[in-house]
Amino acid sequence: MKLKKDFFSRNANVVAKDLLGKILIRKINGRNFRAKIVETEAYFGEEDPASRAIKKGDLRETMAMRAGTILVYGVHNSWLLNIVTGKEGRHEAVLIRALEPLNFEANTKGPGVLTKAMEIKKDFHKENICETGVFWLEEADKNAFEIHSSFRIGIKKDLPEKFRFYIKENKFISRK
DNA sequence: CATATGATGGACT
DNA sequence: GTCCATCATATGG
């Protein structure tokens, strides 16, 4: 079952946690590549020194768009996949940091490489994940797993809260 | 147009 | 853990 807009219109913190274990499907040349989300981070545009959305025009604008909007953020030589959450105008998003491939082999252990594996590029920027038809999320099987949290990775000025969430002992998380 | 700067990845100790 | 190549953006002239 596809995840709808309602799923994303909650707080980024809640969505980030709830996204763990969900299935991401990317349709390439008529084939569906399925991967489980195993690691996420929550970002807040306002009052979040880690988020560049607070200053940069386009990012800030995109984070304020409606829930389910895909935000592709380029840094170094990589693309990072985010999904806008919360109510419109709230400046919240969840970063997808790692996936577990289910019906294919690829390196998806990190936010930059998973976008290469899934062929996610700036093309998707500002598209809505509920509407593209080639890229969406589905409810997962009810697998039991334990959620761990930690501080966000690679951030210069982080908040004193743990906004990174990952599935305990999963082999595909980007870092321990 | 020139230059600074990373929400990185991979190689290495 | 540390080091650094690399390139799409943002910003300033």
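Everything numeric in this text was worked out from a predicted model, so none of it was measured.
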Does [X] reach a base, just sugar-phosphate, or nothing at all? Heavy atoms under 4.0 Å.
X: A:Ile155; value: sugar-phosphate
X: A:Val75; value: base
X: A:Arg175; value: sugar-phosphate

Rounded to whole Å, how long is the line connecting atom [atom1] of [X] with atom [atom2] of [N]?
X: A:Asn82; N: B:dA7; atom1: CG; atom2: C1'; result: 8 Å
X: A:Lys121; N: C:dC7; atom1: NZ; atom2: C1'; result: 16 Å
X: A:His76; N: C:dA10; atom1: NE2; atom2: P; result: 16 Å
X: A:Ile96; N: B:dA7; atom1: CD1; atom2: C1'; result: 13 Å
X: A:Asn77; N: C:dT9; atom1: CG; atom2: P; result: 12 Å
X: A:Trp79; N: B:dG6; atom1: CH2; atom2: C1'; result: 13 Å
X: A:Glu61; N: C:dA10; atom1: CD; atom2: C1'; result: 15 Å
X: A:Leu81; N: B:dT8; atom1: CG; atom2: P; result: 14 Å

Nearest-neighbour nucleotide for the A:Asp58 side chain, B:dG6, C:dA10, C:dT9 considered:
C:dA10
Selected nucleotide, minimal atom distance to A:Asn107 side chain, candidates B:dG10, B:dA7, C:dT9:
B:dG10
Any side-chain to backbone donor/acceptor pair from A:Glu138 onto A:Ile23? Under 3.5 Å, distance only.
no
Sole candidate of A:Lys4, A:Lys126, A:Lys5, A:Arg66 that passes salt bridge (Lys or Arg N to Asp or Glu O under 4.0 Å) when paired with A:Glu131:
A:Arg66
Qualifying residue for salt bridge (Lys or Arg N to Asp or Glu O under 4.0 Å) with A:Glu100, from A:Arg34, A:Lys36, A:Lys109
A:Lys36
Indicate whether OP1 or OP2 belonging to B:dG9 is found under 4.0 Å from a side-chain N or O atom of A:Lys109.
no
Does B:dA7 have its OP1 or OP2 closer than 4.0 Å to a side-chain nitrogen or oxygen of A:Tyr43?
no
Tell me which nucleotide, if any, is Watson-Crick or G-U wobble paired with B:dA4 when both distances must be under 3.5 Å.
C:dT9
Pairing partner of B:dG10, by Watson-Crick or G-U wobble and under 3.5 Å for both distances, is C:dC3
Compute the ring centroids of A:Phe151 and A:Phe163, then answer whether they are less than 6.0 Å apart.
no
Side chains of A:Glu39 and A:Ile153: does their closest heavy-atom pair fall under 4.5 Å?
yes
